[in-house]
Every structure is written in C-alpha cells, then in structure tokens.
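First comes the structure, then the notes that go with it.
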Number of protein chains: 2
Amino acid sequence: MATATISTRQNIRLTAQKLFRERGYAAVGMRELAKEVGIEAPSIYNHYKSKDDLLREICSDIAAQFFKAFEGVDADEKSATKKLRAAIKGHISVIANNLEASSVFFQEWMFLEEPNLAQFKKQRHEYELKFRDIIDKGIKKGDFKPMNIKLVTFTIFSALNATYDLYRSNERLTQDQIAEDMANLLLKGLKS
Amino acid sequence: MATATISTRQNIRLTAQKLFRERGYAAVGMRELAKEVGIEAPSIYNHYKSKDDLLREICSDIAAQFFKAFEGVDADEKSATKKLRAAIKGHISVIANNLEASSVFFQEWMFLEEPNLAQFKKQRHEYELKFRDIIDKGIKKGDFKPMNIKLVTFTIFSALNATYDLYRSNERLTQDQIAEDMANLLLKGLKS
DNA sequence: TTGAGACAAACAAGTGTTAGTTTGGGAGAG
DNA sequence: CTCTCCCAAACTAACACTTGTTTGTCTCAA
C-alpha cells in the first residue's frame, strides 16, 4: 500500500480548493489557508506567486480537463443525440472527479485578476460553443426540435454544473446514475 | 410622470444588491457601498444594523416572494403537470422581477451569519419540498415516469436559478418566452 | 426643541505581500 | 567518513492598507 506523500505545494492546492469552496475565495485569508496546511502564511509564496495565482491554477486546470473530456465527442459519423449525450457524460465526469476544484471553477472565477480573467472567459466561451454547435446542427438535421439555442445551452450547463450539490446530498448516487438520468431528462426535452 | 423619490434606505438596498451581485458580498466594502450611494460609510448604520443585516433583508425578501408566488399553485383539482408548470412560471417570474436581488439570494446566501443562516436554510428546504411533493405525487399518479426525485428537483432548480444570466445575454428573450420554453423542455423530460 | 440622519475621527482586527533570516538535508571535495 | 557549501523552504517581523463598526458631534426639518 503506497501511502503517497504529497508535497507542500499539492497540500496548499488541495487545501485552497477545499476552503475556497466552503467559504468563498474572498473570505479565505492567506493566514487561514496556511494554518490549515500547517505552515505560516509567507511560506505559501515559496510555491505560488500570489493568491490570484493559486486561483488561476485551480481554474485553468479544470478548464483543461473539460477540453480534454470533449476530445473524440465530435466524431462526424455520430448523431447529434449521441454526440450531446457523450459531451454531457464527459462534462459530468470531470466534475465528479474534481468535486472541490470544479465548484471553485464555477463559483469563484469572477475573482480572477485581469490577464487571467480574460483568458478564462475566452476559454469558457469556446467550450460553450462546442455544445451549442452540436445542438445547432441537431436542430438543422431534424434530430432536435427548433428551440432557442442560447436558452437550451444555458439550461443544460446550469443543470450539469450543479451536479456538485447532488454528490453532497445524503442519497448515494453514483456518477453513472447521475450522468445517465440527467442526459435522459435533458435529451428527451430536446427531441423533436 | 411621477419621478419616485426613493429614500436613502431604499437607495442603500438597491445599490447593495447591484454591487453584491457584480463583485460578491465579501468583496464589497461598506465604504465602497456608501460611495456609490453618495454618502459616507457610517451613515449606513443609521439604516441597517450591520452588513449582515443588509444581506439578510435582501435574501429574506426574495424568500418571501418565492413563497407568495407559490400560493394557489397547489390547488388540488389540477394535474401534476399543470401544477409543476405553474410553479416553474411563478418561480421564474420572481427572478425576472428581481434580477439583482435574486442573484444575490442564490449566490451570496452562504455569507449570512448564524441565526440568519439557519433560518435561510430552513426556508429554502421547505420551498424545495413543495416542488418535490408535486413531482412525487405526479410519479405516483403516473403523470411522470419514475425517476430519482432529488436529481430531478436539483436539475429543475439549477436550470431555473440560472435564468438570471439569460436576461443579461445579448439576445432579447422575454420573461414569458423563457418561462414557456424552459417549462416545456423540463416537463417533456419528465413525462412518462 | 427634539430627533433623525449625516458626518469626521478613530478602533481593533485583518488583508496580501515583502524583506531578511534561519533551518535542515543533500552534493562534492578532502 | 567527514566537512564544507548550497539552496530550497520554512520562519519572524513588518509594511501599508483595508475591513466592519462605534463614538460623539453637528445640522436641519418638524
């Protein structure tokens, strides 16, 4: 049994994810974060340039995972329904495997400072377009009924991104159950 | 043309809603709030006991509106589908008529301090139960297909509560369009 | 003249961050 | 095997503000 000894850097990162999610980025101080890690506040700066840098790392890591999960989804022979189902499942699996970090990603990104904030928004928009594109083509091919694409995309994302809370609830739902049920619910609403 | 002269108190409240939504409760200081209102920070304390008190008023006002909007929805002769549709429309209309305040309600409630926080959670749970109850009965009567109720309720709420962002988007969607389309999308997914 | 509401000044505590210093363990030389 | 030297990573102390809030005073309409 290999008990992985995690580095101080990893420790800071994991603790930050936990605290930022529990109490919000702005409400968590460097001293509090350091205390939870078991070091003093200035020691954090041996590993991260700034508080913003820490948030940036958390957010951009999750962003990268979303893009990675989408790879292969858009293979051209598949139907719009199959593509969207695969995209939904990939998205949910990233959340499920990064509960704390993805929650920070969705709730605290607004605290990113300026070069990072713009970069974040650009990437998120790009990712959103991938989903919208599937729906758009699905409507045009007649797989989905004509609907306001923006509304549909928003609905799907907000449903998916709240998955975090589901895992925390008392009922034991597996990732597969959640992904399956949610994909069914949303896809049925789209079908023409 | 009655140009309504609003009181300083109302002014503080409205400005707080706007700033809390834009930048987050924790990130907005009393001096910044005061400046935006056009007064000095200590003057706020002539109208509100504390920063927490201000957040509490915003949140509990919205909570009351959600309960009010639900009145009459649960009349017994209606089908589960009709009830849920009415509940969804009522919920969305509260959001639509209180864009800033409802956004604060959903995103910043976690910063409430202790007696208020517990009260908030209790009320929210109560409200959630009303929705869950409709779905539960709908499944038992065969109107809806059997699904995990918690998952369904979460999906519906997260879709509804993100409505805020839709209004802000470039496309012009009316409240009725949003309510109608979203209710259709979600109800179709539920139907047995 | 009373009272509401604005104010400046100040409080204690907390903010992110920097400077300068100490510590401990590993590499290389004798 | 020991003795330097080095460097990462921890530390203490402090900086320059900012935080929410209180106190006491002044103003002005009723």
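Residue numbers begin at 1 in each chain, while the letters A, B, ... track the order of the sequences. In what follows, every heavy atom counts, from backbone to side chain, and hydrogens, waters and symmetry copies are set aside.
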What is the separation between atom [atom1] on [X] and atom [atom2] on [N], rounded to the nearest whole Å?
X         : N       : atom1 : atom2 : result
Ile12(A)  : dT17(C) : CD1   : P     : 13 Å
Lys35(B)  : dA8(C)  : NZ    : P     : 12 Å
Met30(A)  : dA13(D) : CE    : P     : 20 Å
Leu33(A)  : dT15(C) : CG    : P     : 11 Å
Ile44(B)  : dT22(D) : CD1   : P     : 13 Å
Ile39(B)  : dA8(C)  : CD1   : P     : 12 Å
His47(B)  : dG20(D) : NE2   : C1'   : 17 Å
Phe111(B) : dT19(D) : CZ    : P     : 15 Å

Check: Base, sugar-phosphate alone, or nothing: which one does Val28(B) contact when heavy atoms must sit under 4.0 Å apart?
Finding: sugar-phosphate

Next item on the list: State whether Thr8(A) places a side-chain N or O below 4.0 Å from either non-bridging phosphate oxygen (OP1 or OP2) of dA10(D).
Entry: yes

Next item on the list: Please check the phosphate of dC11(D) (OP1 and OP2 only) for any side-chain N or O of Ser43(A) closer than 4.0 Å.
Entry: yes

Next item on the list: If the plane angle is over 60° it's perpendicular, under 30° parallel, otherwise tilted; pick one for Trp109(B) and Phe120(B).
Entry: parallel

Item checked: Nearest-neighbour nucleotide for the Pro42(B) side chain, dT17(C), dT23(D), dG20(D) considered -> dT23(D)

Next item on the list: Measure from the side chain of Glu40(B), starting at C-beta and using heavy atoms only, and say which of dG16(C), dA9(D), dC7(C) lies closest.
Entry: dC7(C)

Checklist line | Sole candidate of Lys49(A), Lys51(A), Met30(A), Arg31(A) that passes side-chain contact (heavy atoms from CB on, under 4.5 Å) when paired with Ile44(A) | finding: Met30(A)

Next item on the list: Could you walk me through whether Tyr48(A) and Arg13(A) pass side chain to side chain contact (heavy atoms under 4.5 Å, CB included), step by step?
Entry: CA-CA 9 Å; Tyr48(A) 288 94; Arg13(A) 162 90 174 267; 3.6 Å; yes

Checklist line | Rounded distance (nearest 0.5 Å) linking atom CZ of Phe154(A) with atom CD1 of Ile178(B) | finding: 9.5 Å

Note to self: Judged by each residue's nearest nucleotide on DNA chain D, which is more toward the 5′ side, Asn46(A) or Arg31(A)?
What the structure shows: Asn46(A)

Notebook entry, point to check: Given Asn148(A) and Gln177(B), is the side chain to side chain donor-acceptor pair (under 3.5 Å) satisfied, shown in steps?
Noted result: CA-CA 9 Å; Asn148(A) 183 295; Gln177(B) 272 176 282; over 6 Å; no

